[in-house]
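Inspection log for the structure reproduced underneath, given as structure tokens.
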Amino acid sequence: MKYRVKYGVFALLAVGLFAFSSCQEEPLTGTVLAEPESMTELDLWIDTVYRQSYNIRVQYKWDEADTDHGHDIVPPKLELVQPFLKVVKKVWGEPYVEVSSIGDEFLRQYSFRELKLIGSGSWQNTSVTLGLAEGGYKITLYTVNDFDLEAGVPRNALQQFFQTMHHEFGHILNQRKKYDEQFKNISGGYVASWTSFADTTALQRGFVSAYSMSGDGEDFVEILAHYVCRTAEEWEELLAPLPPYTAERLLMYEESRRMIDEKLQVVRSYMQDSYGVDIDQLRDAILRNIDEVANGDLE
Amino acid sequence: MKKKLFYITGVCALLALQTACSPQFEDLFDKSASERLEEAMDDAESVLTAADKGWAMGYFPNTETRGYVLFAKFNTDGTVTLTDYNNGGLSSTSTYSMNTSQGPVLNFDTYSEVLGRYTDPGTWLGGSTGNAGDFEFVIFSVNEDEVILKGKKYHAKVVLRKITGDGDQETLWRQHYDACEVRFLSLFSNVVDPLLKVGNVFHYTLTTPMTRVFTMFPYGSTNPEEATNLSFVATVDGIDFSSELEVGNGVSCRSFVYNAAENALVSQENADVKIVIPDVYDYFLGLSVEHLATVDRVSGTFATAFASLAAGFVERYEDRQVLESVGFSRMRDGRFAFMLKTARASAMYAIPVHVEDGIFVIDAFDAQNMQADDMDDNGALFYTNVPAVKDMLVALPGAYTLQNNGAFLLNEIEMTSVVNAENKLNLSR
């Protein structure tokens with residue numbers, strides 16, 4: 001099994017619909033979603049673990065609305081769905097529950113309402129969509145069929161995938177509560193042609209990835225996702241200057257690091273002030289759970 | 001205020017008038033559209049699950065790609081087992097459902113390893129969006145023995161035919177698959193390109209049959225830009241195209257069954273449309289590439305005839321013109337020609353011919369203005385100077401049979417003696 005992202009450029013698409021802002025402070029409590037008509041063993045498990053606990057509906061079967069006339073995508077393999085969902089819960093949901101002062105209520109109040117699983121990636125030339133966040137209520141995760149979790153998935157592949165998941169959830173949080181508008185002025189430099197930049201170039205310009213350069217919304221969640229899915233050492237490694245170490249380049253890296261740190265501080269404050277979540281505690285919980293999954297403990 | 005009241009009264013009057021004038025339509029159907037749709041889905045599901053030995057599924061990923069015979073068993077618990085003997089007998093069980101996005105739709109709604117081969121973009125590194133295969137199908141028609149579907153995105157027709165018979169399902173499926181392959185090979189291997197005709201008029205030369213995607217030339221055309229592709233799948237008794245082929249005057253065809261008496265594939269939609277192995281001269285008049293028969297590629301009485309022809313050249317020219325090969329081609333001006341190659345010239349000598357009463361007859365030619373040039377009618381002199389040339393042309397359509405020397409290589413053809421008095425090609429069916 002190959003983990004697709006390592007092959008090259010990938011795109012994380014998020015549709016930012018802020019129309020929900022007027023009702024964003026209204027928490028959704030209770031199980032507002034209807035029960036499915038007929039349930040298999042898997043459906044019953046999903047109902048208990050996702051719907052009743054977190055008020056999240058999971059769609060793993062192909063639906064008529066899924067037909068994508070621009071891309072070939074396929075449904076997930078049935079046998080991979082439950083292990084995948086266990087790991088999503090463990091590496092995405094449980095860390096938030098653990099570090100939030102309101103526990104389970106965090107996800108019941110702030111989570112998306114629908115999680116859709118797609119088996120393949122959604123390819124477009126040389127880029128592939130791995131995740132999609134829509135309107136504050138729905139996340140679509142692709143490439144589920146690449147994750148035979150019971151057979152074992154390497155730690156770095158899990159880190160990369162859950163970076164996508166936390167990126168998309170960052171959009172959901174932003175769609176509920178807006179971050180400080182000054183964020184976008186810290187580095188500026190957002191461009192439509194971000195695909196023509198290498199990640200290494202972005203790192204010299206105040207961004208953690210080339211995709212961060214596509215807009216301040218992506219920049220914000222890229223910083224969050226890259227930070228919480230890396231150890232402190234890995235974060236430093238990501239931001240460390242690359243040779244040649246000329247005085248000019250080192251100055252550029254220094255300025256870049258200053259901007260990233262400043263943006264990280266905005267992210268940190270936003271998560272703490274808006275949601276009561278300490279991103280360092282969140283990172284510890286996520287990485288601990290990734291390690292457990294990599295060691296075969298999916299529960 | 002009065003003005004407002006006037007307007008309100010006017011609008012009310014118009015509405016009342018409209019209501020009064022509304023024509024009364026009688027319902028065309030007893031039930032509403034949604035009720036009929038529900039019924040259609042229930043019917044389809046009942047028929048699909050009722051086949052206890054399952055279905056043979058003539059699957060096309062899309063209309064450009066060859067067809068594959070797959071097998072499906074639909075179960076009442078919402079699961080479906082698919083098997084693919086094209087892929088080492090791979091079998092997988094997933095789920096299916098019905099929905100109503102474009103009328104009733106059959107939807108393989110969790111991943112099937114079998115369909116995944118044709119639909120999954122996989123780990124792919126550039127060039128397209130994926131494998132361009134459908135796993136959602138609009139249900140076109142439902143009969144007890146046959147269900148016709150159409151791919152929702154890529155629009156290929158997919159026909160499910162009920163498997164019947166005694167024996168276990170796997171054996172019946174394997175037998176059915178083998179029968180389709182036997183039929184395919186008997187129809188198209190070691191055979192010159194077939195022609196599609198409507199009535200007595202030839203419409204297309206169907207080249208590259210062994211790829212299961214015909215490259216169709218309008219009959220007599222040599223222009224690649226006029227060629228179109230049409231994929232097909234082998235069935236037990238013939239072939240199905242991936243989509244309807246329009247052949248003019250509102251006549252279309254898709255499903256063909258082999259008729260032994262006629263030695264033809266006959267359209268089930270219109271019996272006038274047939275795919276036939278042509279008579280020799282029809283074949284050569286429709287060809288688009290050059291065919292050669294060299295001395296080492298002839299056998300039987302044709303070898304004798306070839307030897308007679310060679311002897312005729314020796315008699316007339318001694319060692320100045322030694323015959324090496326004969327063949328058929330188009331000349332630059334589009335005329336059809338019998339070709340001769342001798343050791344003296346690197347080029348071919350062409351004898352332009354046409355068909356009259358079922359035999360090749362030489363075209364009129366101008367003996368005074370012949371050019372010593374390839375593809376001119378410079379071979380016509382041989383026709384007059386070597387009597388054996390005329391003998392061969394007269395005998396050719398009725399006396400000899402052709403066999404191509406490889407499934408994909410039609411540039412050289414072996415000629416063997418005739419085994420069929422009706423001028424048919426020997427096809428070893």
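The shown structure was predicted, so the numbers you read here are calculated from the model rather than taken from an experiment. Computed over heavy atoms, backbone and side chain alike; hydrogens, waters and symmetry mates excluded.
In this structure, the side chain to side chain donor-acceptor pair (under 3.5 Å) partners of B:Thr171, at least two apart in sequence or on a different chain, are B:Asp168. By the side-chain contact (heavy atoms from CB on, under 4.5 Å) test, B:Gln268 pairs with B:Ser255, B:Val257, sequence neighbours left out.
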Pairs of donor and acceptor atoms involving the side chains of residues 73-87 of chain A, under 3.5 Å and at least two apart or interchain, shall be tabulated with distances.
| from | atom 1 | to | atom 2 | distance (Å) |
| --- | --- | --- | --- | --- |
| A:Lys77 | NZ | B:Glu113 | OE2 | 3.3 |
| A:Lys86 | NZ | A:Glu299 | OE2 | 2.8 |

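Taking the six-membered ring for Trp and thresholds of 30 and 60 degrees, B:Phe71 and B:His176 have ring planes more than 60 degrees apart, a perpendicular arrangement.
Only the side chain of B:Thr95 comes within contact range of chain A, judged by heavy atoms closer than 4.5 Å.
Note: A:Trp45 and A:Tyr60 fail the aromatic proximity criterion, with ring centroids not under 6.0 Å apart.
B:Glu244 and B:Lys157 are joined by a salt bridge, as a carboxylate oxygen and a charged side-chain nitrogen come within less than 4.0 angstrom of each other.
By a heavy-atom distance cut of under 4.5 Å, not one residue of residues 78-86 of chain B is near chain A.
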